[in-house]
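One structure is given here, and the rest of the page talks about it.
All values below come from the heavy atoms of this structure, side chains included, with hydrogens, waters and symmetry mates left out. So that the names make sense, note that chain A is the first sequence line, chain B the second, and so on, each numbered from 1.
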Amino acid sequence: MKKKTLAKVYEPAEVEKEWLERWIRDGLFTAETDSQRPAFSMVIPPPNITGSLHLGHALNNTLQDIMARYKRMRGYNVLWVPGVDHAGIATQNVVERQLKEEGTTRQELGRERFIERVWRWKEESGGTIVNQLKRLGASCDWTRLRFTMDEGLSRAVKEVFVRLYKEGLIYRADYIINWCPRCRTALSDLEVEHEHRDSFLWYMEYHLADSSGSVTVATTRPETMLGDVAVAVNPEDKRYRHLVGKTLTLPLAGREIPVIADPSVDKEFGTGAVKITPAHDFNDFEVARRHGLEPLRVMDAEARMNENARGFEGLPRFEAREKVVEELKKEGLLKKEERYSVLIGVCYRCRTVVEPTLSKQWFVKVGPLAGPAIEAVEAGRIRFIPKNWERTYFEWMRNIRDWCISRQIWWGHRIPAWHCTGCGHITVSATDPERCEGCGRSGISQDPDVLDTWFSSALWPFSTLGWPDRTVEQELFYPTSALFTSFDIIFFWVARMIMMGLKFKGDVPFADVYIHALIRDAEGQKMSKSRGNVIDPLVMIEKYGTDALRFTLTALAAQGRDIKLAEERIEGYRNFANKLWNLARFTLMNTEGARTGDVGPRDYTTVDKWIITRLSRCTKEVSGAIENYQFDVAAKAVYTFLWHELCDWYVELIKPDLRGEKGEDRKRAASGVLVTVLKDTLKLLHPFMPFITEEIYSYLPSTDTYIMRSSFPEPRGEYPAEAQKTESVMDVIRAVRNIKTEMNIPPGTELDCVCFTRDASAAEALKEGRDHLKNLARIGALTVTEGGERPAQAAFAVARGKDGGPAIEVFVPLKGHVDIDSEIKRLTKELEKTGRDLSSVEKKLSNDRFLERAPRDVVEKERQKLNAILDKKAKIEASIKRIRGIGE
RNA sequence: GGGCGGAUAGCUCAGUUGGGAGAGCGCAGCCCUUACAAGGCUGAGGUCACAGGUUCGAUCCCUGUUCCGCCUACCA
C-alpha cells in the first residue's frame, strides 16, 4: 500500500508506464501449463508487421483484454496468445520502397539477400505494433509472442500444404486468376476490391469471313479483342440463330473465330452478342472451356500487350485500348461509343486495376473443407455473436470458389514443391528433398512462389500452440474459447481458420466468434489516411490516457453497429477517469482510522444498505453483460453507478458521518463502507480501465498485491426496503431543490419543509433522513405527518419514486419568498403533464376489451396508476387553489 | 442481381420475453457547497421515417414504401 496524497488531477502517463512494467515483470499475463484451474484462451488477430496501432486494433484488443482480465479475476487460467503477421505483399512493398530510395531493386539484390534484408527490417521496425499493444494494456502472454514466419509456424505451414496436396486438396493448374500488374502477383478473389468508374461501352463490328454479313459486339475492354477466340450469342436469340457456327474475321488481328451459342449470354445487354476472351475474363474463360476453345493470352506480367497482339506489342493495356479504338474507327468498324459506368477490380494493396489473367497457379480445393465448416456453425459448435453474421458466413461458404494460394513474390512461406528439370514431376515435401521422387534425379528446383499470407493465418489457432507437435498448450487451450474480430475478415480469416482447424485438429478452432464494430469518424466516414480523418489512438493515449480511450471505445461498442467516434467522447470519459480519481482522493482523506477489513451488514445504516443494494445490482449487471459480450452495457452500468449513485448521492449523504458528526463508531463504519464499495467498484472497472484502478487500489488497504489478481466482486446482498426508504429521501430532496430553482430562490436559502405521507415506512425514512434533507436540500425545520392542515403560502410538489414508491406531499412554506405567479405557472405546468398521463390511463381503463383481455396484473397496475394520478392531480389542484387564495 | 443493417431529443446512440419514451454530449439557468469547474444543482427538448396489418394495446411483431449505409456478384 502506497502512502502519499493523490494529486488533484489524474496524470496517466507515469502511472501507466509503471504498472505495465510491474505486471509483466511479475508474470501476471503469463498462462500456466500446470494449473488445475479452468482454461480460457484466445488468439489475437495478428496485426501486420508493417502496421501501426489504429483504432480498429485498439478496439479489438481492448475488448479482448476486458474478457481476459475478467476471466482471470473469475479464476480462470487465461492464455491470450499475441502475435504478428508477416503480411507478404505489404511488407515486400515497404522494403522495396526502401531499396528504390537507395537506387536499387530486389531483382538486383537477388532473392536471398532480399529476404535477409526483409528480416533485418523486421528486427529493426517490426516491434512497433507489439509495443503499442502493450501500451494499450493488452494483457497478452508476451512470453509466447509468435510470428507467422517463425520456424515453428513455418513447419506447420509446410505440414498442412503437404497433407492437403497428398489428399488432392491442393492442386496446380492453368486457370484464370486476378493478376496485379504492379505487384506482379496473383491475388485471391478476396484481395480484389470493386469500384465503379466512368467509362464507355464500345460497339465493334466483326465481319463474317465470307463477307455475307457482320455481328456487332459491345465491350468495356476493346484492347482484349486481340485475344478473342469467339463471339457468343444466346441459343434462344432468334436474331443470331442463323449465324451460329459461322466464322468471323477478327478485325486488326485477321484471325478467324467462330460464332458460338452459350446460355450465359444475356440477350438484353448490348447487342446480345459478346466477344469471348478467355485469357483475360473470368466469364469468357468458362465459356471457352465449355466449348473447347483455346485461350490466347495477349498481355504480359505488367499488363503490356505481348507478342500475340501483333502491331500492339509492348503497349500498356490502356494505351492499347486507345489505339484499338482508333484503328477500328479508321476501318469504320466502331459503331458506337456509349457512356457507361463499369465495375472494375483493383488490388487491395496498391489500387492498381487488376488484370484477369490465365496462368499456372496453386489452388486449394475448398469444397470438401467447406462442408464440415458449415456444419460446425449449423450445429452450434461455433457461435457467432451477434448471430446474424452466421448468415453472411453461410452465404459465402456455400458459394465458395477454389482459393488461389500462390503469390509471385519473395517474402512469405515458399511453396514446398520441387520441379524436376528431367521428368517434370513435382515433388511436394515438408523437408527439402535431394532428388526427384519421380525419376530419382537430382536436377530439381523449388517452386519460386510463396503462399498467400492468409494461408498461414488460417492455421493460427493451433500453429501458435505448437502444432504439428503434441504440446500441453494444445491439450489445455485448444479449442480456444473466443475469437474477437471485425466483420471485414470473416471470409479472409475466420472461415479459413474454421476449415483448417476442423481438418487438422479435428475440432473447431474456437467456440465463440464475437464480431465487433468498425470505427468511423464523427460523420460516419471510414477513417483513412487519404481522407485525413484518422484519429490516432496513440495521440489520444498521450492526451487523455489509455484508460479513457479504452473506456470510450468500449462504451460505444454496441453490438451490430459501427462506432462513430469524435474526440469529445474521449474527453468525456477522461473526465470520468478523473471523477474516479477524485472519489479515491476523497475516500483516502477519510480513511484514517477506518475499519480495516470488510464491514458487514451489522454496520449498515439505511443509506449504506441502499448503496450496497445498488452496488449488488451493478455487479450482477456487469458480469452478466461481459459474459454476453455486451461490453457497452457493462461499461455504462459501472459509469452510472460510480458517478450518479456513489458520487452524487452516497458520498454526499455520508459526509456528515465521515466528519464524525454521528460519533466515532459511525465515522469508522462509514469510511469502512465507503472503502468497501470503492474497492468493489474498482474491481468491476478494472477490466475496462486497468491502469487507474490498479493505481488507486495500491493506495487502499487491501489483501491482494494487485487488483489484477483479485477476485471479481460477488453481489453483497440487496435490501429493497431500506433502498426504497433512501429513494424516498432522495425524492424529497429533489422536490425541494426543484422548487427552489424554479422559484428563483438561491439554493442556500433555508426554508422549512412539511411532508405528508400515509406510508409509515416513508414517514420513518424522512424522520431518519432529517439531516440528509437539511444538508442536501438546505432546509430548516422538517415536519412529517400523515396529513392535516396544509401550510398556507407554500410551494407544493408530489414526490414519488420512479418505481412507484409511496406518495409524499412536499410543502415548502414561502413566507417572504412568495412569488405567486411563478408558483402558479410551475404548478399549472405540472398539472398539464399529469393531465396527459391521466388521459392515456383513462383511455385504457374505459376500454372493455382491455379489461377483458389484458392480463390481470396489467389491469391492476393501470388501476393503481390511475389512482395515483388522480391523487396527484387533486393535490396539485388544491395547491393552486390555495395559492390563488393567498393572492386574493 | 443477391444479402445484411440502419432511420428514436440539436448530435451520437440505448431501449432482449409488445403494457407509463432513456443515456451521454450539446444547450439554458443557477452555484467557486474544503474529493473533483475535467465539478455540482435544476431544466428545456421526441406524432419513435411513412403507409397498412396482427393485437385489448405496437418504438418493439408482420407486409409494403421512401431514404441512407455496408457486404457480395463473371451483364460483356
Side-chain angles (χ1 to χ4, degrees), chain A residues 6 8-10 176 189 194 201 217-221 224 232 264-266 268-277 281-287 340 342-343 356 388-389 391-392 395-396 399 487-488 490-491 518 520 522 524 526 544 548 555-556 558 560-566 568-569 571-590 628 630 632-633 636 639-640 644 647-648 651-652 655 733-734 737-742 744-748 775-776 778 804 837 840-841 843-844 847-855 857-859 861-862 865 869:
Chain A
L6 269 50
K8 205 168 170 178
V9 168
Y10 173 58
I176 185 144
D189 297 341
H194 299 274
L201 196 55
V217 297
T219 182
T220 57
R221 303 206 52 200
T224 63
S264 72
V265 179
D266 180 352
E268 311 302 322
F269 189 88
T271 60
V274 58
K275 58 193 237 19
I276 299 298
T277 322
D281 184 281
F282 283 88
N283 187 48
D284 293 0
F285 180 81
E286 296 298 337
V287 174
Y340 191 68
V342 285
L343 191 61
N388 19 341
W389 290 110
R391 214 178 234 279
T392 306
E395 184 71 18
W396 189 67
N399 299 306
F487 68 85
D488 50 341
I490 290 178
F491 306 144
L518 213 66
R520 300 170 183 282
K526 213 166 171 175
Y544 302 107
L556 298 181
R561 197 184 260 275
D562 288 345
I563 296 177
K564 290 185 192 169
L565 185 69
E568 300 85 76
R569 308 305 297 265
E571 194 183 344
Y573 288 108
R574 183 272 315 264
N575 295 354
F576 173 63
N578 196 51
K579 187 77 183 175
L580 167 62
W581 183 254
N582 276 287
L583 169 66
R585 209 159 80 92
F586 174 80
T587 306
L588 287 168
M589 285 175 181
N590 290 283
N628 288 313
Q630 295 174 302
D632 60 319
V633 172
K636 283 172 190 161
Y639 180 98
T640 303
H644 298 305
C647 290
D648 287 353
V651 165
E652 295 304 326
K655 271 181 178 171
I733 290 171
R734 275 190 278 253
R737 281 172 173 171
N738 174 276
I739 286 169
K740 284 191 179 175
T741 302
E742 302 222 340
N744 289 318
I745 298 166
N775 291 323
L776 301 186
R778 308 298 292 273
D837 292 344
S840 110
V841 178
K843 193 175 149 198
K844 272 189 189 172
N847 184 341
D848 290 340
R849 295 172 70 88
F850 173 72
L851 298 176
E852 272 167 41
R853 305 205 184 183
D857 59 316
V858 172
V859 176
K861 208 174 141 198
E862 289 297 315
K865 204 195 295 175
I869 293 170

Base paired to [N] (Watson-Crick or G-U; both N/O distances under 3.5 angstrom):
N	value
B:rA7	B:rU66
B:rU34	none
B:rC41	B:rG29

Do any side-chain nitrogens or oxygens of [X] fall under 4.0 Å of OP1 or OP2 in [N]?
X	N	answer
A:Lys8	B:rA37	yes
A:Asn578	B:rG39	no
A:Tyr340	B:rC75	no
A:Lys636	B:rG22	no

Handout entry: Sugar-phosphate, base or nothing in reach of A:Arg734, heavy atoms under 4.0 Å
Key = sugar-phosphate
Practice task
Answer with base, sugar-phosphate or nothing: what part of the nucleic acid does A:Asn738 contact at a heavy-atom distance below 4.0 Å?
Solution key: sugar-phosphate
Can you check the [X] [atom1] to [N] [atom2] distance for me, whole Å?
X	N	atom1	atom2	result
A:Glu395	B:rG2	CD	P	12 Å
A:Glu571	B:rG24	CD	C1'	13 Å
A:Leu580	B:rG39	CG	P	14 Å
A:Asp648	B:rC41	CG	P	4 Å

Problem - Base of B:rC36 paired with side chain of A:Lys579 (donor-acceptor, under 3.5 Å) - result: yes
Exercise for the section: Record whether the side chain of A:Glu652 comes under 3.5 Å of the base of B:rU33 through a donor-acceptor pair of N or O atoms. Expected result: no
Practice task
Verify whether the ring centers belonging to A:Tyr573 and A:Tyr639 lie closer than 6.0 Å.
Solution key: yes
Problem - First of A:Arg849 and A:Thr640 reached from the 5' end of RNA chain B, by closest nucleotide - result: A:Thr640
